[in-house]
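All remarks here apply to the structure that follows.
Order of the sequence lines fixes the chain letters, A, B, ..., with proteins taken first and strands second; residue numbering starts at 1 for each chain.
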Amino acid sequence: MDLKSIIYETIEKQFNITSKDDIPSFDLQLTPDIGMGEYAVPVGFVLAKKLKMAPDKIAEQIAENMHGPFEAHYVKGFVNIRMSDDWWLSRLNEAFVSYPHITGNALVEFVSANPTGPVHIGHGRGAVVGSILTNVLSRVYDKADSEFYINDAGEQIRKFCNSVEVRIRQLKGEQVELPEDSYHGDYVVDIAKKVLGTYDWDHLNEEQKWNVLWNGAVSMMEEWHKATLDKLGVMMNIWTSERRIRAEKWPEKVLELLGEKHLTYEQEDALWFKSTAFGDDKDRVLVKSNGEYTYYLVDIAYHLEKISRGYDVLVDVWGADHIGHLSRMNSALTALGFENRLNVVLVQTVRFWRQGVAVAMSKRKGEFLSLDELIEEIGKDAARIMFVSRSVDATLDFDIDVAKQKAMDNPVYYIQYAYVRARNILMKEQERQYGDAKGFDTYERTLLRLLNAYEDRIAQTVRKMDPFVLESYAWDLSDAFHKFYQFDRVVGCEYENSRWLLTERFVEVMEELFDILGIEKLEHM
RNA sequence: GGGCCCGUAGCUCAGUUGGAUAGAGCGACAGCCUCCUAAGCUGUAGGCCGCAGGUUCGAAUCCUGUCGGGCUCACCA
């Protein structure tokens with residue numbers, strides 16, 4: 001049963017239109033008030049010009065002549081459709097969880113924090129956004145992977161290793177100052193201690209010491225990253241090292257490919273990419289005058305490498321402060337023949353509040369609230385939901401006090417409470433009397449219509465690349481369920497069978513949403 | 001100055017890709033537990049959708065201009 005086709009057929013018959021192509025397109029939309037029915041079509045307005053008729057006359061004729069498991073009424077140019085109780089009852093015997101299918105493989109890259117410092121609180125939003133997007137895409141595409149790019153090569157890592165080395169010497173009692181451009185955070189001291197506890201530092205020669213820093217200290221940071229993400233319920237199935245990208249000569253491949261297309265040139269001892277040919281306002285350096293590769297070149301190389309692994313869709317989750325990098329990255333990929341392959345999700349900034357005061361985040365002095373502390377303080381579920389409780393385009397005010405409250409301010413409790421209530425009903429299987437299914441009223445129909453929108457919401461999430469769509473869907477469903485629950489009982493009411501089935505379907509949909517959002521399915525509050 | 005994001009209820013924000021009387025949470029006020037968890041529900045109050053034009057049957061939504069806030073404009077990553 002497809003409402004749109006029924007409407008198309010009715011239009012064709014009623015107005016003698018022979019081809020569907022002659023009918024302007026229209027959407028099946030939701031009525032503003034469930035009392036008007038569940039679905040609506042503004043078909044009168046759409047056809048008015050073509051038929052040279054008043055919109056309400058057109059809607060009237062269509063409403064009167066369309067037939068199916070529903071009642072149709074017209075209001076102005078709208079045809080409002082109220083599905084029959086029988087139709088909804090049979091709908092309840094099928095699953096609501098279903099997905100559109102898109103052929104191809106997707107790769108979502110996110111967090112990708114430098115191993116020179118912890119995954120900090122500013123990474124939190126991108127981490128959750130990326131993990132939820134991966135969960136959604138893996139249900140829509142043939143395959144979807146999540147990936148963390150480890151920037152474990154280059155100037156910053158050298159600086160980090162130097163910082164650890166100075167801290168080690170200080171721990172040994174040497175009077176040495178940390179250079180101004182070092183990493184000053186206390187965690188560097190912790191790493192220094194850990195290195196001393198793991199390796200026999202005093203008996204290493206200079207080369208071995210550097211080796212311990214370059215490999216040992218850096219991998220300690222990586223382990224820390226993994227542990228933090230793990231606590232946040234963020235699972236990466238691929239970790240890619242910048243060292244490998246360099247070792248496999250991907251930057252050289254990029255230089256070669258761009259060179260073949262005559263898109264590079266030398267100037268002032270540096271090698272430049274003619275990105276202006278692709279809309280950039282300025283050409284960009286690929287190889288610095290000192291011979292080192294820029295981050296830009298290595299990042300292009302990394303993206304080329306990702307594409308070489310057979311991904312049809314690349315999704316990068318970036319902080320809004322990387323906006324400048326976007327046009328450059330697109331220029332380079334277009335030059336390499338991969339226009340539109342990259343889909344960047346720009347996540348706006350988060351401001352954290354505690355007791356009405358913004359939490360200062362001075363990365364340089366190392367005085368940041370860590371993501372570890374945040375998760376420990378408010379819990380994984382609250383953290384995840386708070387991070388996606390606004391659209392990615394909106395800056396997020398994250399109130400830590402609110403996230404700790406077990407009240408309505410905190411959406412995670414609202415959602416989990418609805419689920420717990422529904423689960424508790426289903427545990428009363430023994431008391432069930434299987435009353436007749438007599439029909440569906442306002443609260444049931446609101447919930448049914450929402451459940452029936454599952455696939456649409458998934459499609460919308462993919463189109464917008466924004467997990468907020470699903471968070472608000474979970475909230476909408478919970479809202480509808482709380483009202484449904486409050487209005488009447490399920491077990492023992494005269495509509496027991498239909499209300500029971502509806503509760504079962506609600507639980508199924510919520511469980512799938514919880515899996516996608518990465519939050520726990522609680523049995524008790 | 002250029003690019004991107006945001007201006008909608010007192011506050012924080014939705015608005016399903018142009019549709020009907022613009023919604024929710026918080027805050028304020030008034031109610032609801034003999035009943036599957038009251039961490040919930042019901043009701044009231046609160047709006048020049050930043051501003052000005054334009055497009056059309058119809059605009060919070062699209063276009064142009066303009067004002068305000070955020071991010072960003074490296075041989076840093």
Side-chain angles (χ1 to χ4, degrees), chain A residues 26-27 29-33 36 40-42 44-46 48-49 54-55 75-78 80 112-114 116 151 154-157 267-272 279-282 284-296 298-299 319-328 346-349 351 389-397 399 402 405-414 416-418 420-428 431-432 453 456-457 459-460 463-464 468-469 472-473 475-476 478-479 481-493 499-500 503 524-525:
Chain A
F26 56 85
D27 291 321
Q29 40 191 248
L30 308 182
T31 55
D33 181 347
M36 304 161 90
V41 187
F45 297 111
V46 171
K49 188 173 264 180
V75 182
K76 291 186 250 183
F78 293 95
N80 293 333
S112 299
N114 290 347
T116 54
N151 294 113
E155 193 54 36
Q156 295 305 313
I157 285 292
Q267 189 180 309
E268 293 163 4
D269 295 330
L271 188 72
W272 298 70
D280 203 348
D281 39 320
K282 198 181 153 215
R284 305 290 167 175
V285 172
L286 296 172
V287 184
K288 301 181 204 173
S289 50
N290 66 6
E292 284 180 11
Y293 294 157
T294 58
Y295 167 82
Y296 179 44
V298 183
D299 209 23
D321 56 338
H322 286 66
I323 180 67
H325 197 53
L326 180 56
S327 63
R328 274 171 267 164
L346 275 185
V347 178
Q348 291 296 319
T349 47
R351 282 185 307 178
S389 63
R390 297 280 178 269
S391 73
V392 291
D393 285 340
T395 53
L396 174 63
D397 280 310
D399 192 319
V402 165
Q405 279 171 29
K406 301 195 170 185
M408 266 298 290
D409 315 30
N410 193 345
V412 70
Y413 289 101
Y414 191 71
Q416 286 178 324
Y417 187 35
V420 165
R421 280 180 147 180
R423 279 284 306 274
N424 279 349
I425 291 168
L426 299 184
M427 305 229 241
K428 300 194 180 293
E431 299 171 29
R432 203 177 153 195
D456 284 347
R457 297 279 183 134
Q460 196 185 336
R463 191 172 63 240
K464 293 178 135 178
F468 167 72
V469 175
S472 72
Y473 182 45
W475 196 93
D476 289 344
S478 303
D479 181 53
F481 185 80
H482 281 307
K483 284 166 183 166
F484 160 88
Y485 179 97
Q486 203 81 30
F487 175 70
D488 197 357
R489 294 177 57 83
V490 172
V491 176
C493 94
R499 284 174 68 83
W500 179 276
T503 304
H524 307 283
M525 293 301 286

How is A:Met427 classified with respect to the nucleic acid when contacts are heavy atoms under 4.0 Å: base, sugar-phosphate, or nothing? nothing
Whole-angstrom distance between B:G15 and B:G40, as gauged at atom C1': 25 Å
On a whole-Å scale, what distance lies between the P atoms belonging to B:G10 and B:C71? 26 Å
With a cut-off of less than 4.0 Å, is there a side-chain N or O of A:Lys288 near OP1 or OP2 of B:C76? yes
P spacing across the pair B:G68 / B:A77, given as an integer number of angstrom: 36 Å
Is any side-chain N or O of A:Lys428 closer than 4.0 Å to OP1 or OP2 of B:U37? no
In whole angstroms, how far is the C1' atom of B:G3 from the CD1 atom of A:Ile323? 7 Å
Taking only N and O in the side chain of A:Arg328, is any of them less than 4.0 Å away from OP1 or OP2 of B:A74? no
For B:G2 versus B:A14, give the span between their P atoms, rounded off to a whole number of Å. 27 Å
Less than 4.5 Å apart, side chain to side chain, heavy atoms only: is that true for A:Tyr296 and A:His325? yes
Taking side chain as C-beta onward, heavy atoms only, is A:Val392 less than 4.5 Å from A:Leu346? no
Using only heavy-atom distances, decide whether a donor-acceptor pair under 3.5 angstrom links the side-chain of A:Asn80 to the base of B:A20. yes
Which value, in whole Å, describes the distance between the C1' atoms of nucleotides B:G46 and B:G27? 11 Å
Can you tell me if the side-chain N/O atoms of A:Ser391 get under 4.0 Å from OP1 or OP2 in B:A14? yes
Which stems does RNA chain B form, counting runs of 3 or more consecutive Watson-Crick or G-U wobble pairs with both distances under 3.5 Å? B:1-7 with B:67-73, B:10-13 with B:23-26, B:28-32 with B:40-44, B:50-54 with B:62-66
Taken to the nearest whole Å, CG/A:Asp393 to C1'/B:C71 is 13 Å
Can you tell me which nucleotide in B:U37, B:U72, B:C41 comes closest to the side chain of A:Lys483? B:C41
Check every atom of B:G19, B:C13, B:C41 against the side chain of A:Thr395 and return the nucleotide holding the closest atom. B:C13
Side-chain heavy-atom pair A:Val420, A:Arg423 within 4.5 angstrom cut-off: no
Touch class at under 4.0 angstrom, heavy-atom based, for A:Pro55 against every strand present: nothing
Could you check whether A:Ala40 gets within reach of a base, just the sugar-phosphate, or nothing at all, counting any heavy atom under 4.0 Å? base
Between P of B:G25 and NE2 of A:His482, the distance in whole Å: 12 Å
Should A:Val412 and A:Ser389 count as side-chain neighbours, where that means a heavy-atom distance under 4.5 Å? no
B:C75 phosphate, OP1 or OP2: any side-chain N/O from A:Lys282 under 4.0 angstrom? yes
Of all the nucleotides listed (B:C13, B:C41, B:U21), which has the minimum atom distance to the side chain of A:Arg390? B:C13
Could you tell me whether the side chain of A:Thr349 and the main chain of A:Thr395 form a donor-acceptor pair under 3.5 Å? no
Within the structure shown, what part of the strands sits under 4.0 Å from A:Val41 by heavy-atom distance: base, sugar-phosphate, or nothing? nothing
Can you check whether A:Tyr417 has a side-chain N or O nearer than 4.0 Å to OP1 or OP2 of B:C41? no
Span that lies between the P atom of B:U66 and that of B:A28, in whole angstrom: 43 Å
Between A:Arg351 (CZ) and B:C6 (P), how many Å, whole number? 16 Å
Would you mind classifying the nucleic acid contact of A:Tyr485 as base, sugar-phosphate or nothing, using non-hydrogen atoms under 4.0 angstrom? base
Is there a side-chain polar atom (N or O) of A:Asn424 under 4.0 Å from OP1 or OP2 of B:U37? yes
Quick check: closest heavy atoms across A:Arg457 and A:Val469, and the distance to 0.1 Å? O-CG1, 3.7 Å
Using only modelled atom types and a 3.5 angstrom limit, is any donor from either the side chain of A:Thr294 or the base of B:C75 paired with an acceptor on the other? no
Hey, are the side chains of A:Tyr485 and A:Val490 touching, using non-hydrogen atoms and a 4.5 Å cut-off? no
Should A:Lys464 be listed as having a side-chain N or O under 4.0 Å from OP1 or OP2 of B:G15? yes
Let's see if you can work this out: which of B:A77, B:A38, B:U72 has an atom nearest to the side-chain heavy atoms of A:Gln156? B:A77
RNA chain B: A:Asp397 or A:Val75, which has the more 5' nearest nucleotide? A:Asp397
Are A:Phe481 and A:Phe484, when compared by the centres of their aromatic rings, separated by less than 6.0 Å? yes
Map A:Tyr413 and A:Ala270 onto RNA chain B by nearest heavy atom, then report which one ends up closer to the 5' terminus. A:Tyr413
A:Asn114 CG to B:A77 P: how many Å, rounded? 10 Å
Is the shortest heavy-atom distance from the side chain of A:Arg499 to the side chain of A:Asp488 under 4.5 Å? yes
When the distance from CZ of A:Phe481 to P of B:C41 is rounded to whole Å, what number comes out? 12 Å
What about A:Gln348: does its side chain form a donor-acceptor pair under 3.5 Å with the base of B:C6? no
So what does A:Glu431 touch, heavy atoms closer than 4.0 Å: a base, only the sugar-phosphate, or nothing? nothing
Quantified in whole Å, what is the P atom distance between nucleotide B:U8 and nucleotide B:U61? 14 Å
P spacing across the pair B:U44 / B:G1, given as an integer number of angstrom: 48 Å
A:His325 has its side chain closest, among B:A77, B:U42, B:G70, to B:A77
Round to the nearest Å and state the distance from A:Asp399 atom CG to B:G25 atom P. 19 Å
Whole Å only: how far is the NE2 atom of A:His322 from the C1' atom of B:G3? 17 Å
Are side-chain heavy atoms of A:Asp479 and A:Asp476 found at a separation under 4.5 Å? no
